[in-house]
Amino acid sequence: MVEQTQIKAFVDKFNDRVKVSVPLARYSVVGVGGAADLLVDAQSRDDLVQAVNMADALGLPWRVFGGLTNVLLPDDGLRGVVIVNNATSVTFDEPNLRVCVESGKKIVSLARTSVNRGWGGLTWAVGLPGTVGGAVVNNAGAFGGEISKALYRAEVFSVGASPRWVEPDWFDFKYRCSKLKGAGYRWLVTAAEFQLRLGDLEYLTQKATEYTERRGKTQPPGKTLGSTFKNPEGDYAGRLIEMAGLKGSRVGGFVVSTHHANFFINEGNGTACDFITLLQLVQDEVYRKFGVHLESEIEIVSE
Ligand SMILES: Cc1cc2nc3c(=O)[nH]c(=O)nc-3n(C[C@H](O)[C@H](O)[C@H](O)COP(=O)(O)OP(=O)(O)OC[C@H]3O[C@@H](n4cnc5c(N)ncnc54)[C@H](O)[C@@H]3O)c2cc1C
């Protein structure tokens with residue numbers, strides 16, 4: 001439990017950008033998650049670093065999130081300090097075709113601005129939910145593009161050291177993964193710089209429209225965390241789930257989408273417990289029918 005003196009220290013520093021006992025479901029795109037003891041709305045990389053240092057100095061656990069588009073938060077909430085990253089400044093380095101952004105910038109907005117300048121390299125991300133920080137940590141990708149391919153360098157921070165710039169190799173990127181995935185309670189990505197390339201404005205705009213339309217056609221509407229499972233080697237998770245006859249399967253408020261079987265939809269009062277039970281049911285059934293183990297793409301957050 002957070003003490004009054006600890007709350008006061010945060011309020012003195014961050015004023016009304018601190019909330020006490022706030023339900024995380026309000027911030028999660030899928031509408032799931034119990035209360036955080038303290039929630040800090042970080043508006044700059046300084047805020048990010050100071051919130052972490054303050055939590056550490058007060059002996060409180062902390063965690064940073066971006067758009068909360070890839071995490072399932074626990075029904076009983078999170079203890080300590082949850083930092084929501086809204087640090088969004090952007091600087092374009094025209095001669096070098098580089099763009100440097102604070103990690104709370106929405107990747108959709110960065111991708112769209114880059115396309116509008118005629119800069120290629122992030123066009124695939126025009127419909128990707130979440131922040132730049134979350135995309136780096138997850139090595140997010142779509143339509144053959146991947147964040148690690150455009151990353152020039154990133155600024156990272158952990159308690160006890162100053163923020164420092166690291167090269168892409170440092171992240172040990174793999175498919176939808178980096179060494180920081182699930183480590184948002186120890187490390188922060190505070191900023192990232194991307195190396196883009198000069199493209200044809202008309203071509204990039206047309207590609208952006210094509211990708212947006214493809215998302216519109218394939219992704220179901222409603223409250224979802226996107227693809228539930230990683231695609232297994234040489235196959236598609238959605239295809240296997242559909243072939244197992246699991247479209248429309250339901251646990252509590254969560255249902256396997258009838259539109260695209262790799263998406264779970266919260267139809268109302270779905271809980272983290274419902275989601276996990278449905279996930280296990282699908283994993284077991286697909287394994288029983290096809291001998292394939294589906295691996296979760298969603299990070300299931302626990303204390
Ligand atoms: C409808 C939908 C469609 C999607 N489509 C795709 C897709 O096509 N391709 C794809 O790859 N993903 C997709 N996703 C998943 C998601 O959008 C990406 O994984 C996204 O990059 C997550 O970013 P976020 O800011 O929301 O991260 P969050 O969900 O907030 O956090 C994810 C993890 O990163 C950590 N983290 C976040 N920010 C930081 C930071 N600054 N420093 C350190 N750690 C941090 C968190 O602690 C957590 O462990 C989709 C999701 C949805 C809902």
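Given the structure is predicted, the values throughout are model-derived calculations rather than measurements.
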Student: Can you name the nearest heavy-atom pair linking Val108 to Val126, along with the distance?
Tutor: CG1-O, 3.3 Å

Student: Indicate the atoms forming the closest heavy-atom contact of Lys149 with Gly144, along with that distance.
Tutor: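 Distance-wise, the nearest heavy atoms are NZ-O, 2.9 Å.
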
Student: Can you give me the closest heavy-atom contact between Lys247 and Ala261, atom names plus distance?
Tutor: CG-CB, 3.8 Å

Student: Return all side-chain donor-acceptor pairs below 3.5 angstrom for residues 64-72, not counting sequence neighbours, or 'none' if the list is empty.
Tutor:
from: Asn70; atom 1: OD1; to: Asn138; atom 2: ND2; distance (Å): 2.9

Student: So, are Arg214 and Glu210 salt-bridged, with charged N and O less than 4.0 Å apart?
Tutor: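 Yes, this pair counts.
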
Student: Kindly give the heavy-atom pair with the smallest separation between Asn85 and Ser103, and that separation in Å.
Tutor: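 Closest pair (atom of Asn85, atom of Ser103, distance): ND2-OG, 2.8 Å.
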
Student: Decide if atom CG of Asp172 counts as having more than 12 heavy atoms of other residues, nucleotides or ligands within a radius under 6.0 Å.
Tutor: yes

Student: What's the separation between atom CG in Leu122 and atom CG in Leu128, rounded to the nearest 0.5 Å?
Tutor: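 Those atoms lie 10.0 Å apart.
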
Student: Hydrophobic cluster membership, with links at side-chain heavy-atom distances under 4.5 Å among I/L/V/M/F/W/Y: are Leu198 and Leu110 in one?
Tutor: yes

Student: Could you tell me how the ring of Phe254 sits relative to the ring of Phe275: parallel (under 30°), tilted (30 to 60°) or perpendicular (over 60°)?
Tutor: perpendicular

Student: How many angstroms lie between NZ in Lys223 and CD in Glu267, if you round to the nearest 0.5 Å?
Tutor: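 Here the interatomic distance stands at 11.5 Å.
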
Student: How far does CG of Leu240 sit from CG of Asn262, to the nearest 0.5 angstrom?
Tutor: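 Reported value, rounded in 0.5 Å steps: 9.5 Å.
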
Student: Give, for atom NZ of Lys19 and atom CG of Leu24, the distance between the pair rounded to the nearest 0.5 Å.
Tutor: 12.0 Å

Student: So which heavy atom on Lys181 is nearest to which on Glu297, and how close?
Tutor: NZ-O, 3.4 Å

Student: Between Arg250 (side chain) and Val255 (backbone), is there a donor-acceptor pair under 3.5 Å?
Tutor: no

Student: So, Ser109 and Lys105: side-chain donor and acceptor under 3.5 Å apart, yes or no?
Tutor: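 The answer is yes; a qualifying pair exists.
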
Student: Tell me yes or no: between the side chains of Thr88 and Glu102, is some donor less than 3.5 Å from an acceptor?
Tutor: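 Side-chain D/A pair, Thr88 to Glu102: absent.
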
Student: Do Thr113 and Asn116 get their side chains close enough for a donor-acceptor pair, meaning under 3.5 Å?
Tutor: no

Student: Does the ring center of Trp170 lie less than 6.0 Å from the ring center of Trp187?
Tutor: yes

Student: Tell me whether the count of non-hydrogen atoms from other residues, nucleotides or ligands lying under 6.0 Å of NZ in Lys8 goes above 12.
Tutor: no

Student: Atom CD1 in Ile241, atom OG in Ser249: separation rounded to 0.5 Å?
Tutor: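 OG of Ser249 is found 9.5 Å from CD1 of Ile241.
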
Student: Check the hydrophobic clustering (I, L, V, M, F, W, Y; side-chain heavy atoms under 4.5 Å; chains of links allowed) and say if Ile83 and Val159 are grouped together.
Tutor: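 Yes, one cluster joins them.
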
Student: If only side-chain N and O atoms count, and only distance matters, is there a donor-acceptor pair under 3.5 Å linking Asn139 with Ser148?
Tutor: yes

Student: Would you compute the distance between atom CZ of Arg153 and atom CH2 of Trp165 and round it to the nearest 0.5 angstrom?
Tutor: 4.5 Å

Student: Can a donor-acceptor pair be found, under 3.5 Å and without considering hydrogens, that links the side chain of Asp274 to the backbone of Thr271?
Tutor: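 Answer holds: yes.
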
Student: Does some side-chain heavy atom of Leu294 sit less than 4.5 Å from a side-chain heavy atom of Pro232?
Tutor: yes

Student: Honestly curious: do Val137 and Phe173 fall in one hydrophobic cluster under the side-chain, below-4.5 Å linking rule?
Tutor: yes

Student: In terms of hydrophobic clusters joined by side-chain contacts under 4.5 Å, are Leu201 and Trp124 together?
Tutor: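 Per the 4.5 Å side-chain linkage, Leu201 and Trp124 are not co-clustered.
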
Student: Is Tyr203 atom OH crowded by more than 12 heavy atoms from other residues, nucleotides or ligands, each under 6.0 Å away?
Tutor: no

Student: Looking at the rings of Phe143 and Tyr211, which for Trp means the six-membered one, are their centres under 6.0 Å apart?
Tutor: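 Aromatic pair counts; centres sit under 6.0 Å.
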
Student: Regarding Asn53 and Asp56, is there a side-chain donor-to-acceptor distance under 3.5 Å anywhere?
Tutor: no

Student: In the single-linkage hydrophobic clustering (I, L, V, M, F, W, Y; side-chain heavy atoms under 4.5 Å), do Val132 and Val115 co-cluster?
Tutor: yes

